Amino acid sequence: MLELRKSYNPKGIEEKWYEYWVSKGYFKPDSDSRGNTYCIVIPPPNITGSLHMGHALNMTLQDILCRWKRMSGDKVLWLPGTDHAGIATQNVVEKQLTAEGLDRHKLDRDAFIERVWKWRTEYGGKIIHQLKRLGASCDWSRERFTLDEGLSRAVIEVFVRLYEEGLIYRDNRLINWCPRCHTALSDLEVEHEELEGKLTYIKYPLSNGSGHITVATTRPETMLGDTAVAVHPDDSRYKDFIGKTVALPLTQRKIPIIPDAAVDSSFGTGAVKVTPAHDFNDEAIAKRQSPALEFITVIGKDGSMTEDAGSRYAGLDRYECRKLVIKDLKERGLIEKEQRYTHAIGHCYRCKTVIEPLLTLQWYVNVQPLAKEAIRMVREEKIRIIPKSWENTYFAWMENIRDWCISRQIWWGHRIPAWYCQKMQNAKCKMQNGVIVSRVMPPVCPYCGSEELVQDEDVLDTWFSSALWPFSTLGWPDKTNDLKTFYPTSVLVTGFDIIFFWVARMIMMGLKFMGEVPFRDVYIHALVRDVKGQKMSKSKGNVVDPLTMMDRYGTDAFRFTLAAFAAQGRDIRFSEERVEGYRHFVNKLWNAARFVKQSTEHRIQIPENFQLSTFNFQLPERWILSRLAATADDMNRALEEYRFNDAASSVYQFVWHEFCDWYIEMAKSEPVTSESVMSCLLYTLETSLRLLHPFMPYVTEEIWQNIKSEESEVKESIMISDYPKSMPRDYQAEEDMSCIMEAVMGIRSIRGELNISPSLELNVSIKTLSDITDKILRKNLQYVKRLAKAAEIKIGRNVRKIEGSAVSVKNSVEVYVPLKGLLNIDAEIDRLKKDGARVEESIAFLNKKLLNEDFLQRAPEEVVEKEKTRYNELVRKKERIVESIKKLKEVEVKE
RNA sequence: GGGCGGAUAGCUCAGUUGGGAGAGCGCAGCCCUUACAAGGCUGAGGUCACAGGUUCGAUCCCUGUUCCGCCUACCA
């Protein structure tokens, strides 16, 4: 047996047990278990990522749930994996290539993909190792990757089926384009940021030379692509302008002035330039016109101006062009004014480049039909979102959901299973535009038999594959055992930032392809911020590294901190001090274990089938076991409702302030050989360890292995032992114990407030205020002596106060400590007066309340009764305090 | 513009059906009591953001205000 060192040092211990658990296969679902199945799929981290606080919290909560359920007898599968993160990963590898003076186009597509796979093999597993360090009890034998063979098959299957149902289609319209990543983005992938810019007022001269119309814009350079000016049809100022044309400055074009109801007459000049190819609003206006307005693309895919922008501007970067356009307009006297103006600008969520609306041909999913069902499932509580407040967010988005652009112009990802016939030799083929969507590459065109087929160059949005995660990871489209056993999964644990990206889409796809919700509960946890409440980001330099926390304080303390912080519906302001505090808790537990071990050395095991009833327990044992039962109940209930912080504080309170502060101290007053005390110490400790294990897996295992019974080795690990369930309470013991505590605290207060040395043993008198209290105290006198450091205690219903004693007045007892020469009577009088004043305040308050007729008549009887009792108690207490002060004053006079 | 959340001890936060508010850290005092100084005991510290309303009674429910934070949106 290992010796327990004086303080807990996690170094080495964590690795040791993690390897042990893995080697024993404890993380795999127990095939013998007849319990309920419980399954969580991990939100797959990006392979480019490294562990941050968000992951740490997310994983810790899932691990707590899994370990708790596993110990509770469920058949648990926690399925891990990673996400290929198309754009992010491609960016990383492209950066490498750039450093080598290469770019992906110099390699060919296959060589580039190979290169990314190589990168993935070398670095992509980093985050998995970090997750393991956290203690995550995932079944690593089932680890999946969104680009692995099985998942890719699922992606193709889903694409083809949705296409065949007409829910996936291809269209040419404006999309969000990132000029740096060179790809289309979905609406969600655009981050809007409020920025200060300029509103430029430009005069557009009428073609007939009869004046001008002024438009206001934040993007002067797009005027080169204007194809109309729009005004509100009811705007009297512009009634006569409608139907006329303006000569678009800097170009040779004439464009019409058109009416459109979407124009806000009160904004700017009430006239708006229309650039259909570079603005979503303008696109809508253009399409409403009949005939539709022309689309002129003046900005290209790299963010620079096209030929259509005119030779003077072609090739310029869009921002350079803006400057030049303004300069040119100024020279012509066409700038009316410039105004400072703050507005939201869309940025690429991967690289923060300002996105450009561009007209391109892309693939879309029509998601409305899927969303409808997904909304219903949440409305009908087939899926519970916890905390419930997030339901509104979900509904708001789902009810206004727009088609999802799923094609990306990058190489790393699931290539779109579409081929284009290059010949289109017959009408049928032409009708289909030569588009062939197929699970496998078709040998010839199914329409016209041509052999010239070219696959679509694009890949799918990474979130498309993530949306299938809950069933693709379980083996779909095959009908696997895992799928049958574990789908629907039990709960999804995630942050609110990906409710739309991921959660909503998983619900839609799960319903569509499995005909069943993907999970029963969605637990939305907080965002981890820094101490000041700011989002952690590398640029702000306020990032706290979880690995550093684990190094510094140990994984257990770190995990416990996260759990203790995880109150529902509130963000976490992470503070390192809290971690330090919980490291102390780990150490406290460790030392409690040392004590228990040392005191029970010659009888180190809990008897098999430990039955509380077989012992003739004294009050302290009955009390601590009842408190233990209460704690177990609290924790199970809290975990059931995802109240991690409540569970954590409950067990913290119990272990430190009940077990250590009271029970262990009381146990010390017993002879160490007392069988009932030793058993109770061991039982309480061992049960506490099991309660704590989901939160602090390592230290609990280490201690557990050190104290576990050697003879009856039923279980090899605390991980697979039983989670404490409900045990009987002993309310009488809890009530009786409060008398003891009052007596002890009374003596301690006197000691503390009068600065009497703890080493000085006191003689104490205790006046009991009821026969029952009297009996309890007499029977348990040794504990009071021990805890209050008293030499002699005189107890009785009629114990008289000795002159010159300090007094502490409690509900069930009065405590007198004669202080002989030590007593500072003035200080003692002050102390009592202060106490008296507090009591007086409460009496006044209650008095007012009890004189209130309305209260007496309308408040529930038990409340009135309770207040009356309290009032009487306080009045008696006040009388006793007054009496004591009087006596002290008499002493003072005598002296 | 719309929506959501927050404001409680010096700091970070709990507070579950409305019945005079708690923890951790910090602070002050006394202690190295043989599990633990990463500890023990005792204590100080709060008009529960502000103003109304409902109620016998409000930190809690309703309305409004102020200050933060977030999400969302096509006013150029």
Side-chain angles (χ1 to χ4, degrees), chain A residues 4 6-8 192 199-200 215-219 222 230 262-264 266-275 279-285 341 343-344 357 389-390 392-393 396-397 400 496-497 499-500 527 529 531 533-535 553 557 561 564-565 567 569-575 577-578 580-599 637 641 643 645-646 649 652-653 657 660-661 664-665 668 745 748-759 786-789 841-842 845-846 849 852-860 862-864 866-867:
Chain A
L4 294 175
K6 194 167 175 177
S7 62
Y8 176 65
H192 292 275
L199 193 57
T200 308
V215 298
T217 180
T218 53
R219 302 199 60 193
T222 61
V263 178
D264 177 358
S266 64
F267 187 88
T269 62
V272 57
K273 63 192 265 319
V274 182
T275 323
D279 185 285
F280 291 102
N281 276 320
D282 297 358
E283 178 193 31
I285 293 175
Y341 183 65
H343 64 140
S389 52
W390 289 109
N392 285 331
T393 309
W397 188 70
N400 297 298
F496 60 81
D497 46 336
I499 292 179
F500 308 143
L527 204 69
R529 300 170 179 284
V531 183
Q534 296 192 305
K535 225 169 171 169
Y553 303 104
T561 308
F565 261 129
R570 196 172 194 167
D571 281 352
I572 293 173
R573 291 190 190 204
F574 187 83
S575 80
E577 283 176 3
R578 278 287 280 277
E580 197 179 348
Y582 289 121
R583 180 181 62 171
H584 296 174
F585 177 55
V586 173
N587 197 51
K588 187 76 180 175
L589 178 71
W590 179 260
N591 277 294
R594 282 180 68 214
F595 173 78
V596 170
K597 193 182 165 189
Q598 159 194 316
S599 349
R637 215 173 315 124
E641 295 165 15
R643 289 181 289 110
N645 61 321
D646 287 341
S649 69
Y652 180 95
Q653 171 69 25
H657 298 303
C660 292
D661 287 352
I664 286 187
E665 291 309 315
K668 286 176 182 171
M745 290 191 286
R748 283 175 175 173
S749 289
I750 291 169
R751 206 192 262 284
E753 289 180 51
L754 297 179
N755 283 343
I756 300 165
S757 162
S759 54
R786 165 98 203 175
L787 268 61
K789 273 262 175 162
E841 246 178 73
S842 303
F845 174 80
L846 283 174
K849 197 172 192 176
N852 184 340
E853 274 304 314
D854 286 328
F855 173 71
L856 295 176
Q857 280 178 15
R858 303 197 190 200
E862 63 267 25
V863 173
V864 176
K866 207 176 105 195
E867 300 292 53

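A note on names: the letters A, B, ... follow the listed sequences, proteins ahead of strands, and every chain is numbered from 1. These numbers were taken from a predicted model, which means no experiment stands behind them.
Straight-line distance between the C1' atoms of B:C11 and B:G46: roughly 14 Å, to the nearest whole Å. With both ends at atom P, the span from B:U33 to B:G39 equals 15 Å, rounded to whole Å. Taking the P atom of each, B:C61 and B:G18 are spaced 8 Å apart, rounded to whole Å. To the nearest whole angstrom, the two P atoms, one in B:G1 and one in B:A58, are 35 Å apart. To the nearest whole angstrom, the two P atoms, one in B:C4 and one in B:C62, are 12 Å apart. Separating the C1' atom of B:C31 from that of B:A21 is a span of 31 Å, rounded to the nearest Å. For the C1' atoms, the distance from B:A23 to B:C75 is 50 Å, rounded to whole Å. Using atom C1' as the reference point in both B:A9 and B:G24, the two lie 12 Å apart (nearest Å).
If you take CG of A:N392 and C1' of B:G3, they are 9 Å apart, rounded to a whole angstrom. Distance, A:R748 CZ to B:U33 C1': 11 Å, rounded to whole Å. The interatomic distance linking A:N400 (CG) with B:A73 (P) rounds to 9 Å, in whole Å. Separating the CD1 atom of A:I499 from the P atom of B:G3 is a distance of 19 Å, rounded to the nearest angstrom. Whole-Å rounding puts the A:F500 CZ to B:G3 P distance at 16 Å.
Pair assignment for B:G69: B:C4, on the basis of Watson-Crick or G-U wobble contacts that are both within less than 3.5 Å. For B:U16, there is no paired nucleotide, since no Watson-Crick or G-U wobble pair has both relevant distances below 3.5 Å. Checking B:A51 for Watson-Crick or G-U wobble geometry (two distances, each under 3.5 Å) identifies B:U63 as its partner. Base pairing annotation: B:A28 forms a Watson-Crick or G-U wobble pair with B:U42, both donor-acceptor distances under 3.5 Å.
Among the heavy atoms of the strands lying under 4.0 Å from A:F565 are primed sugar atoms or P, OP1, OP2 only; no base atom is included. Residue contacts for A:R583: at a heavy-atom cut-off of 4.0 Å it reaches a base atom on one of the strands shown. Among the protein residues, A:S649 comes within range of no part of the nucleic acid, since none of its heavy atoms lies under 4.0 Å from any strand. Heavy atoms of A:L199 sit nowhere under 4.0 angstrom from any nucleic acid atom. Among the heavy atoms of the strands, none lies under 4.0 Å from A:Y582. Within the nucleic acid shown, A:D497 has no heavy atom closer than 4.0 Å to any nucleic acid atom. Residue-level contact check: A:V263 touches the bases, meaning some heavy atom is under 4.0 Å from a base atom. In this structure, A:N587 reaches the bases: a heavy-atom distance under 4.0 Å links it to at least one base atom across the strands shown. Within 4.0 Å of A:T217, counting heavy atoms only, lie sugar-phosphate atoms of the nucleic acid but no base atom. Among the protein residues, A:Y341 comes within range of the sugar-phosphate backbone only, with heavy atoms under 4.0 Å from sugar or phosphate atoms but none that close to a base. Heavy atoms of A:E665 sit under 4.0 angstrom from at least one base atom. Residue contacts for A:A396: at a heavy-atom cut-off of 4.0 Å it reaches no nucleic acid atom on any strand shown.
A:K789 approaches A:R751 most closely through the heavy-atom pair O-NH2, 2.7 Å. Nearest heavy-atom pair, A:T222 versus A:T275, reported as atom, atom and distance to 0.1 Å: O-CG2, 3.3 Å. Across all non-hydrogen atoms, the minimal contact from A:G270 to A:V263 is O-CG1, 3.4 Å.
Ranked by how close their nearest RNA chain B nucleotide is to the 5' end, A:F267 and A:L846 are led by A:L846. Nearest-nucleotide positions on RNA chain B for A:S389 and A:A567 put A:S389 closer to the 5' end.
Counting distance only, with no hydrogens placed and no angle test, the side-chain atoms of A:K6 and the base atoms of B:C36 include no donor-acceptor pair under 3.5 Å.
A sub-4.0 Å separation between OP1 or OP2 of B:G40 and a side-chain N or O of A:K789 is absent. For the pair A:H343 and B:C75, the criterion of a side-chain N or O lying under 4.0 Å from OP1 or OP2 is not met. Of the side-chain N and O atoms in A:S749, none sit less than 4.0 angstrom from OP1 or OP2 of B:C41. For the OP1/OP2 pair of B:C41 and a distance below 4.0 Å, the side-chain nitrogens and oxygens of A:H657 include no atom meeting the criterion.
Here A:E580 contributes atom CD and A:T561 contributes atom OG1; the two are 10.5 Å apart, rounded to the nearest 0.5 Å.
For the pair A:K668 and A:F595, the cation-pi test (distance below 6.0 Å, angle within 45°) is passed.
Around CD of A:E641, the count of heavy atoms belonging to other residues, nucleotides or ligands within 6.0 Å exceeds 12.
Using a 4.5 Å heavy-atom cutoff, the side chains of A:T218 and A:L199 are in contact.
Checked against the 6.0 Å centroid criterion, the rings of A:Y652 and A:Y582 qualify as a close aromatic pair.
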